[in-house]
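Every value quoted in this text rests on a predicted model; they were computed, and no experiment measured them. Residue numbers begin at 1 in each chain, while the letters A, B, ... track the order of the sequences.
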There are 2 protein chains.
Amino acid sequence: MSGKVYCCGLEAALDVIGGKWKVMILWVLHPKPARFGELRRAIPGISEKMLIQSLKEMEADGIVVRHDFKEIPPRVEYVATPFGVSLSEALKPLCDWGQQHMERIESRPGCSKRTTAQGDRADGGKAAEEPAEEPADGAA
Amino acid sequence: MSGKVYCCGLEAALDVIGGKWKVMILWVLHPKPARFGELRRAIPGISEKMLIQSLKEMEADGIVVRHDFKEIPPRVEYVATPFGVSLSEALKPLCDWGQQHMERIESRPGCSKRTTAQGDRADGGKAAEEPAEEPADGAA
DNA sequence: TTTGGCACTTACTAAAAGGTAGGTACTTGT
DNA sequence: ACAAGTACCTACCTTTTAGTAAGTGCCAAA
(Lines give C-alpha, C1' and ligand atoms only; values in the text may rest on other atoms or scores of the structure.)
Protein backbone atom coordinates (compact mmCIF):
# COMPACT_ATOMS: atom_id res chain seq x y z
CA MET A 1 0.00 0.00 0.00
CA SER A 2 1.11 3.53 0.78
CA GLY A 3 0.06 5.17 -2.44
CA LYS A 4 -1.77 8.21 -1.21
CA VAL A 5 -1.37 11.33 -3.19
CA TYR A 6 -1.96 14.51 -1.32
CA CYS A 7 -3.63 17.52 -2.71
CA CYS A 8 -1.72 20.34 -1.12
CA GLY A 9 1.15 19.39 1.11
CA LEU A 10 -0.95 20.42 4.02
CA GLU A 11 -2.60 17.07 3.97
CA ALA A 12 0.73 15.35 4.02
CA ALA A 13 1.84 17.45 6.95
CA LEU A 14 -1.40 16.90 8.82
CA ASP A 15 -0.98 13.21 8.27
CA VAL A 16 2.28 13.40 10.13
CA ILE A 17 1.35 15.64 13.06
CA GLY A 18 -2.35 14.96 13.06
CA GLY A 19 -3.94 13.45 16.13
CA LYS A 20 -4.46 14.80 19.55
CA TRP A 21 -0.98 14.59 20.99
CA LYS A 22 1.75 14.63 18.40
CA VAL A 23 2.13 18.36 18.15
CA MET A 24 2.45 18.63 21.89
CA ILE A 25 5.02 15.87 21.94
CA LEU A 26 7.01 17.48 19.19
CA TRP A 27 6.68 20.78 20.94
CA VAL A 28 8.14 19.44 24.13
CA LEU A 29 10.77 17.49 22.30
CA HIS A 30 12.02 19.83 19.67
CA PRO A 31 14.07 22.12 21.88
CA LYS A 32 15.70 19.27 23.73
CA PRO A 33 15.43 15.52 24.19
CA ALA A 34 13.17 14.09 26.81
CA ARG A 35 12.64 10.77 28.47
CA PHE A 36 9.42 8.86 28.34
CA GLY A 37 8.38 9.69 31.86
CA GLU A 38 9.42 13.25 31.39
CA LEU A 39 7.12 13.56 28.44
CA ARG A 40 4.31 11.92 30.32
CA ARG A 41 4.65 14.46 33.07
CA ALA A 42 5.09 17.34 30.67
CA ILE A 43 1.89 16.61 28.82
CA PRO A 44 -0.92 16.66 31.35
CA GLY A 45 -3.77 14.55 30.08
CA ILE A 46 -1.87 12.02 28.00
CA SER A 47 -2.06 8.31 28.71
CA GLU A 48 0.97 6.11 28.42
CA LYS A 49 -0.69 4.26 25.62
CA MET A 50 -1.17 7.35 23.51
CA LEU A 51 2.25 8.59 24.38
CA ILE A 52 4.16 5.61 23.14
CA GLN A 53 1.80 5.06 20.28
CA SER A 54 2.38 8.60 19.08
CA LEU A 55 6.07 8.31 19.75
CA LYS A 56 6.28 5.15 17.69
CA GLU A 57 4.47 6.69 14.78
CA MET A 58 6.62 9.75 15.00
CA GLU A 59 9.68 7.56 15.04
CA ALA A 60 8.41 5.65 12.02
CA ASP A 61 7.90 8.97 10.31
CA GLY A 62 11.42 9.98 11.14
CA ILE A 63 10.59 13.03 13.17
CA VAL A 64 11.98 11.67 16.40
CA VAL A 65 14.50 9.02 17.31
CA ARG A 66 14.48 6.75 20.27
CA HIS A 67 17.71 6.53 22.16
CA ASP A 68 17.84 3.59 24.48
CA PHE A 69 20.59 3.87 27.07
CA LYS A 70 20.23 0.18 27.82
CA GLU A 71 20.47 0.84 31.48
CA ILE A 72 18.58 -0.59 34.33
CA PRO A 73 16.28 0.84 35.41
CA PRO A 74 15.35 1.61 31.81
CA ARG A 75 16.34 4.96 30.45
CA VAL A 76 15.14 6.03 27.04
CA GLU A 77 15.36 9.42 25.45
CA TYR A 78 13.42 10.73 22.53
CA VAL A 79 15.09 13.29 20.34
CA ALA A 80 13.72 15.34 17.47
CA THR A 81 15.50 14.62 14.20
CA PRO A 82 16.44 17.46 11.84
CA PHE A 83 13.36 16.45 9.91
CA GLY A 84 11.32 16.84 13.06
CA VAL A 85 12.92 20.17 13.79
CA SER A 86 12.12 21.39 10.29
CA LEU A 87 8.56 20.35 10.88
CA SER A 88 8.41 22.22 14.14
CA GLU A 89 9.72 25.26 12.32
CA ALA A 90 7.05 24.98 9.68
CA LEU A 91 4.59 24.70 12.49
CA LYS A 92 5.72 27.91 14.10
CA PRO A 93 3.58 30.35 12.10
CA LEU A 94 0.54 28.24 12.69
CA CYS A 95 1.40 28.15 16.34
CA ASP A 96 1.72 31.90 16.38
CA TRP A 97 -1.55 32.25 14.59
CA GLY A 98 -3.21 30.04 17.14
CA GLN A 99 -1.66 31.97 19.95
CA GLN A 100 -2.68 35.27 18.48
CA HIS A 101 -6.27 34.25 18.07
CA MET A 102 -6.44 31.96 21.02
CA GLU A 103 -9.07 33.85 22.93
CA ARG A 104 -11.31 33.94 19.95
CA ILE A 105 -10.82 30.26 19.40
CA GLU A 106 -11.16 29.33 23.02
CA SER A 107 -14.36 31.20 23.48
CA ARG A 108 -16.26 29.83 20.57
CA PRO A 109 -19.13 27.61 21.64
CA GLY A 110 -18.36 23.94 21.82
CA CYS A 111 -14.71 24.59 21.42
CA SER A 112 -12.87 21.39 20.73
CA LYS A 113 -16.19 19.66 20.91
CA ARG A 114 -19.02 20.31 18.54
CA THR A 115 -20.70 17.70 16.42
CA THR A 116 -23.59 20.04 16.65
CA ALA A 117 -23.88 20.16 12.92
CA GLN A 118 -26.36 17.71 11.50
CA GLY A 119 -28.50 14.88 12.59
CA ASP A 120 -25.90 12.73 14.28
CA ARG A 121 -26.59 12.81 17.96
CA ALA A 122 -24.57 15.41 19.77
CA ASP A 123 -24.10 15.72 23.47
CA GLY A 124 -21.57 16.02 26.24
CA GLY A 125 -19.38 18.94 27.00
CA LYS A 126 -16.38 19.11 29.21
CA ALA A 127 -13.14 20.95 29.16
CA ALA A 128 -10.57 22.48 31.43
CA GLU A 129 -7.18 20.91 31.50
CA GLU A 130 -4.11 22.22 33.18
CA PRO A 131 -2.55 24.87 31.03
CA ALA A 132 1.16 24.88 30.32
CA GLU A 133 3.71 27.14 28.89
CA GLU A 134 6.00 26.51 25.99
CA PRO A 135 8.68 24.09 27.05
CA ALA A 136 11.46 26.23 28.43
CA ASP A 137 14.64 24.63 29.62
CA GLY A 138 14.87 24.19 33.31
CA ALA A 139 12.94 21.07 34.26
CA ALA A 140 15.09 17.97 34.31
CA MET B 1 -18.71 25.38 28.34
CA SER B 2 -15.90 26.42 26.06
CA GLY B 3 -13.19 26.77 28.59
CA LYS B 4 -10.36 24.93 26.98
CA VAL B 5 -6.93 26.30 27.44
CA TYR B 6 -4.45 25.38 24.82
CA CYS B 7 -0.86 24.64 25.46
CA CYS B 8 0.82 26.06 22.44
CA GLY B 9 -1.37 27.81 19.94
CA LEU B 10 -0.86 24.91 17.66
CA GLU B 11 -3.58 23.09 19.44
CA ALA B 12 -5.91 25.99 19.00
CA ALA B 13 -5.12 26.13 15.32
CA LEU B 14 -5.50 22.41 14.86
CA ASP B 15 -8.81 22.63 16.59
CA VAL B 16 -9.95 25.00 13.89
CA ILE B 17 -8.58 23.30 10.79
CA GLY B 18 -8.37 19.79 12.16
CA GLY B 19 -10.33 17.05 10.53
CA LYS B 20 -10.09 15.42 7.19
CA TRP B 21 -11.47 18.11 4.93
CA LYS B 22 -11.22 21.61 6.35
CA VAL B 23 -7.79 22.39 5.08
CA MET B 24 -8.77 21.35 1.60
CA ILE B 25 -11.90 23.43 1.77
CA LEU B 26 -10.01 26.45 2.97
CA TRP B 27 -7.42 25.82 0.32
CA VAL B 28 -9.96 25.85 -2.42
CA LEU B 29 -11.78 28.77 -0.93
CA HIS B 30 -9.06 31.14 0.12
CA PRO B 31 -8.09 32.44 -3.30
CA LYS B 32 -11.67 32.98 -4.39
CA PRO B 33 -15.22 32.22 -3.30
CA ALA B 34 -16.86 29.02 -4.38
CA ARG B 35 -20.33 27.58 -4.45
CA PHE B 36 -21.34 24.47 -2.60
CA GLY B 37 -21.46 22.31 -5.68
CA GLU B 38 -18.25 23.77 -6.91
CA LEU B 39 -16.53 22.76 -3.71
CA ARG B 40 -18.04 19.33 -3.89
CA ARG B 41 -16.62 18.85 -7.33
CA ALA B 42 -13.29 20.42 -6.45
CA ILE B 43 -12.68 18.08 -3.54
CA PRO B 44 -12.82 14.56 -4.90
CA GLY B 45 -13.72 12.17 -2.11
CA ILE B 46 -15.83 14.46 0.06
CA SER B 47 -19.43 13.66 0.88
CA GLU B 48 -22.07 16.35 0.99
CA LYS B 49 -22.54 15.69 4.65
CA MET B 50 -18.93 16.33 5.49
CA LEU B 51 -18.74 19.29 3.19
CA ILE B 52 -21.62 21.14 4.69
CA GLN B 53 -20.70 20.05 8.21
CA SER B 54 -17.18 21.37 7.78
CA LEU B 55 -18.46 24.51 6.15
CA LYS B 56 -20.77 25.17 9.05
CA GLU B 57 -18.06 24.71 11.60
CA MET B 58 -15.77 26.92 9.60
CA GLU B 59 -18.47 29.51 9.43
CA ALA B 60 -19.03 29.26 13.16
CA ASP B 61 -15.32 29.72 13.61
CA GLY B 62 -15.41 32.76 11.41
CA ILE B 63 -13.03 31.55 8.77
CA VAL B 64 -15.61 31.52 6.00
CA VAL B 65 -18.89 33.27 5.39
CA ARG B 66 -21.91 31.95 3.65
CA HIS B 67 -23.40 34.21 1.06
CA ASP B 68 -26.87 33.20 0.06
CA PHE B 69 -28.03 34.83 -3.16
CA LYS B 70 -31.59 33.88 -2.35
CA GLU B 71 -32.17 32.79 -5.89
CA ILE B 72 -33.99 29.86 -7.24
CA PRO B 73 -32.49 27.45 -7.98
CA PRO B 74 -30.48 27.98 -4.82
CA ARG B 75 -27.17 29.72 -5.16
CA VAL B 76 -24.83 29.99 -2.21
CA GLU B 77 -21.25 31.08 -2.15
CA TYR B 78 -18.71 30.50 0.54
CA VAL B 79 -16.01 33.10 0.99
CA ALA B 80 -12.93 33.09 3.17
CA THR B 81 -12.95 35.87 5.75
CA PRO B 82 -9.81 37.87 6.49
CA PHE B 83 -9.46 35.63 9.52
CA GLY B 84 -9.62 32.63 7.23
CA VAL B 85 -7.13 34.16 4.89
CA SER B 86 -4.75 34.81 7.76
CA LEU B 87 -5.11 31.20 8.73
CA SER B 88 -4.36 30.05 5.24
CA GLU B 89 -1.27 32.22 5.31
CA ALA B 90 -0.13 30.69 8.57
CA LEU B 91 -0.73 27.36 6.95
CA LYS B 92 1.49 28.12 4.03
CA PRO B 93 4.85 27.10 5.55
CA LEU B 94 3.37 23.86 6.74
CA CYS B 95 1.97 23.33 3.30
CA ASP B 96 5.36 23.97 1.79
CA TRP B 97 6.96 21.61 4.24
CA GLY B 98 4.49 18.92 3.33
CA GLN B 99 5.04 19.53 -0.33
CA GLN B 100 8.78 19.43 0.07
CA HIS B 101 8.75 16.16 1.92
CA MET B 102 5.76 14.71 0.23
CA GLU B 103 7.48 11.76 -1.33
CA ARG B 104 8.98 10.78 1.95
CA ILE B 105 5.63 11.08 3.63
CA GLU B 106 3.72 9.36 0.89
CA SER B 107 6.01 6.41 0.78
CA ARG B 108 6.05 5.58 4.44
CA PRO B 109 4.31 2.32 5.18
CA GLY B 110 0.68 2.60 6.11
CA CYS B 111 0.62 6.20 5.10
CA SER B 112 -2.56 7.86 6.29
CA LYS B 113 -3.51 4.55 7.80
CA ARG B 114 -1.58 2.87 10.54
CA THR B 115 -3.00 1.86 13.85
CA THR B 116 -0.30 -0.74 13.65
CA ALA B 117 1.10 0.43 16.92
CA GLN B 118 -0.12 -1.51 19.89
CA GLY B 119 -2.52 -4.23 20.71
CA ASP B 120 -5.67 -2.71 19.30
CA ARG B 121 -6.67 -4.77 16.32
CA ALA B 122 -5.41 -3.33 13.09
CA ASP B 123 -6.43 -4.33 9.63
CA GLY B 124 -7.66 -3.00 6.34
CA GLY B 125 -5.65 -0.96 3.94
CA LYS B 126 -6.72 1.06 1.00
CA ALA B 127 -5.60 4.19 -0.70
CA ALA B 128 -5.48 5.88 -4.05
CA GLU B 129 -7.70 8.83 -4.57
CA GLU B 130 -7.75 11.15 -7.47
CA PRO B 131 -4.97 13.67 -7.11
CA ALA B 132 -5.55 17.34 -7.67
CA GLU B 133 -3.58 20.49 -8.08
CA GLU B 134 -3.72 23.63 -6.04
CA PRO B 135 -6.83 25.53 -6.91
CA ALA B 136 -5.95 27.68 -9.86
CA ASP B 137 -8.49 30.06 -11.29
CA GLY B 138 -10.18 28.81 -14.38
CA ALA B 139 -13.17 26.72 -13.39
CA ALA B 140 -16.33 28.68 -13.02
C1' DT C 1 8.69 -8.03 51.90
C1' DT C 2 6.03 -4.63 50.00
C1' DT C 3 6.00 -0.44 47.37
C1' DG C 4 7.27 2.29 43.82
C1' DG C 5 9.48 3.90 39.66
C1' DC C 6 11.20 2.87 34.87
C1' DA C 7 9.49 1.97 30.04
C1' DC C 8 6.67 -0.15 28.13
C1' DT C 9 2.45 -4.05 26.35
C1' DT C 10 -2.08 -5.74 25.91
C1' DA C 11 -6.97 -6.23 25.92
C1' DC C 12 -11.13 -4.13 26.20
C1' DT C 13 -14.20 -0.13 25.72
C1' DA C 14 -15.95 4.52 24.70
C1' DA C 15 -16.26 8.38 21.92
C1' DA C 16 -15.51 10.96 17.95
C1' DA C 17 -15.20 11.32 13.10
C1' DG C 18 -16.58 10.03 8.81
C1' DG C 19 -19.49 7.53 5.21
C1' DT C 20 -24.06 5.94 2.92
C1' DA C 21 -28.15 6.60 1.41
C1' DG C 22 -32.29 8.51 1.51
C1' DG C 23 -35.41 12.82 1.61
C1' DT C 24 -36.77 18.01 1.13
C1' DA C 25 -38.35 22.15 -1.86
C1' DC C 26 -38.13 24.19 -6.02
C1' DT C 27 -37.31 24.90 -11.08
C1' DT C 28 -35.71 23.94 -15.74
C1' DG C 29 -35.04 21.03 -19.60
C1' DT C 30 -36.86 16.99 -22.44
C1' DA D 1 -44.66 13.47 -16.71
C1' DC D 2 -40.07 12.66 -15.51
C1' DA D 3 -35.14 13.21 -14.88
C1' DA D 4 -31.83 16.31 -13.24
C1' DG D 5 -29.71 20.08 -10.79
C1' DT D 6 -29.57 23.49 -6.80
C1' DA D 7 -28.36 23.34 -1.63
C1' DC D 8 -29.08 21.26 1.74
C1' DC D 9 -31.16 17.76 6.12
C1' DT D 10 -31.49 13.37 8.65
C1' DA D 11 -31.02 8.72 10.32
C1' DC D 12 -28.16 4.99 10.68
C1' DC D 13 -23.88 2.57 10.57
C1' DT D 14 -18.74 1.80 10.17
C1' DT D 15 -14.08 3.24 10.93
C1' DT D 16 -10.76 5.56 13.45
C1' DT D 17 -9.01 7.48 17.47
C1' DA D 18 -8.52 7.77 22.21
C1' DG D 19 -9.06 6.25 27.09
C1' DT D 20 -8.89 2.71 31.12
C1' DA D 21 -6.92 -0.52 33.50
C1' DA D 22 -4.21 -4.18 34.19
C1' DG D 23 0.27 -6.70 33.48
C1' DT D 24 5.58 -7.31 32.32
C1' DG D 25 10.62 -7.42 34.04
C1' DC D 26 13.83 -5.21 36.56
C1' DC D 27 15.94 -2.76 40.50
C1' DA D 28 16.13 0.43 44.73
C1' DA D 29 14.31 2.32 48.84
C1' DA D 30 11.33 1.70 52.97
Novice: For B/F36 and A/I46, find the nucleotide of DNA chain D closest to each by heavy atoms; which residue's nucleotide sits nearer the 5' end?
Specialist: B/F36
Novice: Map A/S47 and B/R35 onto DNA chain D by nearest heavy atom, then report which one ends up closer to the 5' terminus.
Specialist: B/R35
Novice: Between C/dC6, C/dT20, D/dG19, spot the one nearest the side chain of A/R41, thanks.
Specialist: C/dC6
Novice: So, do A/K92 and A/D96 sit near enough that their side-chain heavy atoms are less than 4.5 Å apart?
Specialist: yes
Novice: Rounded to the nearest Å, what distance is computed from the CH2 atom of residue A/W21 to the C1' atom of nucleotide D/dA18?
Specialist: 9 Å
Novice: Please report the distance, rounded to the nearest Å, between CD1 in A/I25 and P in D/dA18.
Specialist: 10 Å
Novice: Return the nearest nucleotide to the side chain of A/V76; candidates are D/dC9, C/dA7, C/dG19.
Specialist: C/dA7
Novice: For B/R66 and D/dT6, what is the distance between atoms CZ and C1' respectively, to the nearest whole Å?
Specialist: 12 Å
Novice: Select base, sugar-phosphate, or nothing to describe what B/F69 touches, counting heavy atoms under 4.0 Å on all strands.
Specialist: nothing
Novice: Give me the distances for all protein-to-nucleotides 24-30 of chain D N/O pairs that come in under 3.5 Å?
Specialist:
none

Novice: For B/D68 and D/dT6, what is the distance between atoms CG and C1' respectively, to the nearest whole Å?
Specialist: 11 Å
Novice: Of the listed nucleotides (C/dG19, D/dG19, C/dC6), which one gets closest to any side-chain atom of A/R40?
Specialist: C/dC6
Novice: C/dT9, D/dC9, C/dA7: which one has an atom nearest the side-chain heavy atoms of B/I52?
Specialist: D/dC9
Novice: With a 4.0 Å cut-off on heavy atoms, is B/E48 in touch with a base, just the backbone sugar-phosphate, or nothing at all?
Specialist: base
Novice: Using the test side chain to side chain contact (heavy atoms under 4.5 Å, CB included), find all partners of A/E48 that sit at least two apart in sequence or belong to another chain.
Specialist: A/F36, A/R40
Novice: Heavy-atom distance under 4.5 Å between the side chains of B/L39 and B/V28, does that happen here?
Specialist: yes
Novice: May I have the distance from B/M50 (atom CE) to D/dT14 (atom P), rounded to whole angstrom?
Specialist: 18 Å
Novice: Using residues 63-71 of chain B as the side-chain source, report each donor-acceptor pair under 3.5 Å to any protein atom, sequence neighbours left out, with the distance given to one decimal.
Specialist:
from: B/R66; atom 1: NH2; to: B/D68; atom 2: OD2; distance (Å): 2.9
from: B/D68; atom 1: OD1; to: B/K70; atom 2: N; distance (Å): 2.8

Novice: One pair to check against side chain to side chain contact (heavy atoms under 4.5 Å, CB included): B/I25 and B/L51. What are the steps and the verdict?
Specialist: CA-CA 8 Å; B/I25 296 174; B/L51 179 52; 3.7 Å; yes
Novice: For C/dA17, take OP1 and OP2 only and decide whether either is under 4.0 Å from a side-chain N or O of B/K49.
Specialist: no
Novice: In whole angstrom, give the distance that lies between atom CZ of B/R75 and atom P of C/dT27.
Specialist: 18 Å
Novice: Between C/dG18 and B/K20, counting only base atoms on the nucleotide and side-chain atoms on the residue, is there a donor-acceptor pair under 3.5 Å?
Specialist: no
Novice: Provide, to the nearest angstrom, the distance between the CG atom belonging to A/L14 and the C1' atom belonging to C/dA17.
Specialist: 14 Å
Novice: Does the side chain of B/L94 come within less than 4.5 Å of A/L87's, by heavy atoms?
Specialist: yes
Novice: Taking the side chain as everything from C-beta on, heavy atoms only, tell me whether A/H101 gets closer than 4.5 Å to B/S86.
Specialist: yes
Novice: From CD of B/Q53 over to P of C/dG18, roughly how many Å is that when rounded to an integer?
Specialist: 7 Å
Novice: Under a 4.0 Å N-O cut-off, is there an ion pair linking A/E57 with A/K22?
Specialist: yes
